Amino acid sequence: MSGPAAGTAVAATTTDVVCLGESMVTFLPSQPGRLADVPSFGRGIGGAESNVACALAAAGHRAAWVGRVGADGFGDHLVETIASYGVDTSAVRRDPFRPTGIYFRTATDRGTDTHEVAYYRAGSAASAMSPANVPYEELFAGRILHLSGITAALSGDCLALLRELTAARPGRPLVSFDVNHRPHLWRGGDADASVLLELARRADLVFVGEDEAEEAWGIVGAEAIRAAVPEPSALVVKRGSAGATVFASGLRPGPRSSNAGGAEVVTHVPALHVDVVAAVGAGDAFAAGFLSATLRGLPVRDRVRHGHLMAAAVLTVPGDLTEPPARDHADRLVALDDDAWGTLRLGPGWTAADRASEEVRTP
C-alpha cells in the first residue's frame, strides 16, 4: 500500500497519542570524558518520539509507539523497555534484514564543544520506514499523532512517509511536529532547512527551539519564527533559560476539522530554576508535558508549565527518561502564582517530594 487509501476513515479513538519514529539503544558513559577514554557504558534507550510516548504513558495517558526495529536482541530490548512504561508497541514492525540502530554518547551537555555522539544507525531498520510499510490504521487511531524532523532525515522513504502523514485530509488527527533539527543526520546542502520548514507548516502543533530556528532557517526571535510558520494552530517556541512563547488559536486534540480558529493569543511562560544533572531528553519531555496538558484541555499557560515540569524531571536524572511527577503534584505546582513559580528550584529527587517544603527551595 502506498499511503493511506482515499477516503480512509479514522478508527474509533482508543489511544490518546501515537508517536512514530526511530528508537535506538543508547550506551551511556560510566564517567565523564572523551569517548576514547570512557572505560565502560551502561545500556539505555533513546529516541525522540519513543521518549514522548514513554513520558505520556508514565503520566497516565494511552500512548502508542510505532516504529521499525531489527529482528535482533537490541530490537527486543527496545520494544520490551518501551512497553514497560505502559506504551502500546503492538504496531512496531521487525525487519529481518536490517539492524536496530545504536549510539554512544559522552556525559557532557549536547550543546557544548566537548559533547560527542557516535551513531551506528546507517541502514537501520527504522530508516526503511516508508509509505508502503507502516500501519496507517494504527497511526490515525489516536487523538494526536506526534512526529519529528529526525525521521525525515533518516532516508528518502522516511521523508516521503512524513509528507504523507502531514498531508491535509478529512478527519486527520491533530498532528504534533517537533522540528528537532539534527544537522549531522542530513545528507549535505540546505535540504534540511527547507524540508523542516515545509513539514512544520503542514502540522497543527509545532515545537521549535529559538536556537534551532536560527541554525536551520536563519530566523531570529519568536515573532519572526511565527511569521515564517503561520499555519499551525499552535507554535511553541522554546527559548532555553528564558522560557517558552506560544502562539495559539483554538487548538484542541481530535480530527483536524474540529480545530476551531480564532484570534491568536501569545503566551510567554518563564522557565524553572533547575539543578541540571544531564541536559538530554528535556525537549522530548517538554513536548510530552505540553501534550499531556493539551489532552486535558488546560489553558495554554498551564500546558507550558507542565512542559517545563516534565523537562525538569528529566534534567535532574542522568538518562533520557524518568518517572514524571504525580499528576496532582504537578497540578499544584502549575497552579502557583507567578511569584511562587519564579522561586521554584528543582533538583534531583524532586519528583518524589510530596510536600511543598520538600520540593521548593529559593534560589
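This one's a predicted model, so the numbers in the text were calculated from it and none came from an experiment. Note that these values count all heavy atoms, side chains included, but never hydrogens, waters or copies made by symmetry.
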Tell me if a side-chain donor or acceptor on His146 pairs with a main-chain N or O of Ala288 at a distance below 3.5 Å. no
Just wondering, do Leu165 and Val175 contact through their side chains at under 4.5 Å, heavy atoms? no
Only residue of Ser124, Ser127, Ser148 satisfying side-chain hydrogen bond (donor to acceptor under 3.5 Å, both in side chains) with Glu22 is Ser124
Is there a side-chain contact between Leu35 and Phe41 (heavy atoms, below 4.5 Å)? yes
Atom CZ of Phe207 and atom CG of Asn180: how far apart are they, to the nearest 0.5 Å? 10.5 Å
Flag yes if Met129 and Ile102 sit in one hydrophobic cluster, no otherwise; membership is Ile, Leu, Val, Met, Phe, Trp, Tyr, and two members link when side-chain heavy atoms are under 4.5 Å apart. no
Between Arg305 and Val334 (side chain of the first, backbone of the second, donor and acceptor by atom type, cut-off under 3.5 Å), is there such a pair? yes
Report whether Tyr120 and Val38 are members of the same hydrophobic cluster (ILVMFWY, side-chain heavy atoms less than 4.5 Å apart, transitive linking). yes
Donor-acceptor pair, distance only, cut-off 3.5 Å: does the side chain of Thr15 make one with the backbone of Arg62? no
Between the main-chain N or O of Gly70 and the side-chain N or O of Arg94, is there a donor-acceptor pair closer than 3.5 Å? yes
Please tell me whether Phe290 and His306 form a close aromatic pair, meaning their ring centres lie under 6.0 Å apart. no
Please test Asp338 against Arg301 for side-chain contact (heavy atoms from CB on, under 4.5 Å), starting from the C-alpha separation and ending with a verdict. CA-CA 11 Å; Asp338 290 345; Arg301 187 209 69 167; 4.2 Å; yes
Closest non-hydrogen contact found for Trp341 with Ala271 is NE1-O, 4.4 Å
Would you compute the distance between atom CD1 of Ile45 and atom OG1 of Thr100 and round it to the nearest 0.5 angstrom? 12.0 Å
Candidate pair Leu154 and Arg121, rule side-chain contact (heavy atoms from CB on, under 4.5 Å), full reasoning: CA-CA 9 Å; Leu154 298 180; Arg121 74 198 305 179; 4.0 Å; yes
Return yes if some donor-acceptor pair links the side-chain N/O of Arg172 with the main-chain N/O of Thr166 below 3.5 Å, else return no. yes
Heavy atoms of Phe177 and Ala203 approach each other most closely as CB-CB, 3.7 Å
Quick one: do Leu20 and Ile82 end up in the same hydrophobic cluster if we chain Ile, Leu, Val, Met, Phe, Trp and Tyr together by side-chain heavy atoms under 4.5 Å apart? no
Measuring from Tyr119:OH to Arg182:CZ, what's the distance to the nearest 0.5 Å? 6.5 Å
The residue among Leu346, Leu315, Thr343, Leu333 that forms side chain to side chain contact (heavy atoms under 4.5 Å, CB included) with Leu272 is Leu346
Going hydrophobic residue to hydrophobic residue with side-chain gaps under 4.5 angstrom, can you get from Val18 over to Val69? no
List the atom of Ala213, the atom of Ile225, and the distance in Å for their closest heavy-atom pair. CB-CD1, 3.5 Å
Donor-acceptor contact present, side-chain Arg98 to main-chain Ala126, <3.5 Å: no
Taking all non-hydrogen atoms of both residues, which atom of Ala312 and which atom of Val274 are closest, and how far apart? CB-CG2, 3.9 Å
Quick one: does any side-chain atom of Thr106 pair with a main-chain N or O of Glu116 as donor and acceptor, under 3.5 Å? yes
Derivation and outcome, side-chain hydrogen bond (donor to acceptor under 3.5 Å, both in side chains), residues Ser90 and Asp88: CA-CA 6 Å; Ser90 61; Asp88 180 356; 2.7 Å; yes
To the nearest 0.5 Å, what is the distance between CG (Asn51) and SG (Cys19)? 9.5 Å
Provide the closest heavy-atom pair for Val304 versus Phe286 in the form atom of the first, atom of the second, distance. O-CE1, 3.8 Å
If you apply the rule side-chain contact (heavy atoms from CB on, under 4.5 Å), what do you find for Val237 with Glu223, and how did you get there? CA-CA 9 Å; Val237 180; Glu223 290 77 13; over 6 Å; no
So, do Val17 and His61 sit near enough that their side-chain heavy atoms are less than 4.5 Å apart? no
Do the non-hydrogen side-chain atoms of Ile219 and Glu214 ever get within less than 4.5 Å of each other? no
Would you check if Val265 and Val300 make a side-chain contact, meaning some heavy-atom pair closer than 4.5 Å? no
Answer yes when Arg296 and Asp302 have at least one side-chain N-carboxylate O distance shorter than 4.0 Å, and no when they do not. no
Do side-chain atoms of Arg93 reach the backbone of Ala91 as a donor and acceptor pair under 3.5 angstrom? yes
Within-4.5 Å side-chain heavy-atom neighbours: Thr316 and Thr351: no
Less than 4.5 Å apart, any side-chain heavy atom of Leu199 and any of Arg163? yes
If we ignore hydrogens and angles and just use 3.5 Å, is the side chain of Ser292 paired with the main-chain N or O of Gly289 as donor and acceptor? no
Is any side-chain heavy atom of Asp211 less than 4.5 Å from a side-chain heavy atom of Glu215? no
Begin with the C-alpha distance, continue with both residues' side-chain angles, and end with the deciding distance and a verdict on side-chain contact (heavy atoms from CB on, under 4.5 Å) for Asp178 and Lys238. CA-CA 11 Å; Asp178 193 333; Lys238 298 175 290 182; 4.0 Å; yes
Mind checking whether Phe27 and Phe104 have parallel, tilted or perpendicular rings, split at 30° and 60°? parallel
Do the side chain of Glu164 and the main chain of Pro131 share a donor and acceptor less than 3.5 angstrom apart? no
Are Trp65 and Leu161 grouped together when hydrophobic residues (ILVMFWY) are joined by side-chain heavy atoms under 4.5 angstrom apart? no
Atom CG of Leu174 and atom CG of Leu205: how far apart are they, to the nearest 0.5 Å? 6.0 Å
To the nearest 0.5 angstrom, please state how far the OG atom of Ser176 sits from the CG atom of Leu147. 7.5 Å
Shortest non-hydrogen contact from Ile150 to Ala48? CD1-CB, 3.9 Å
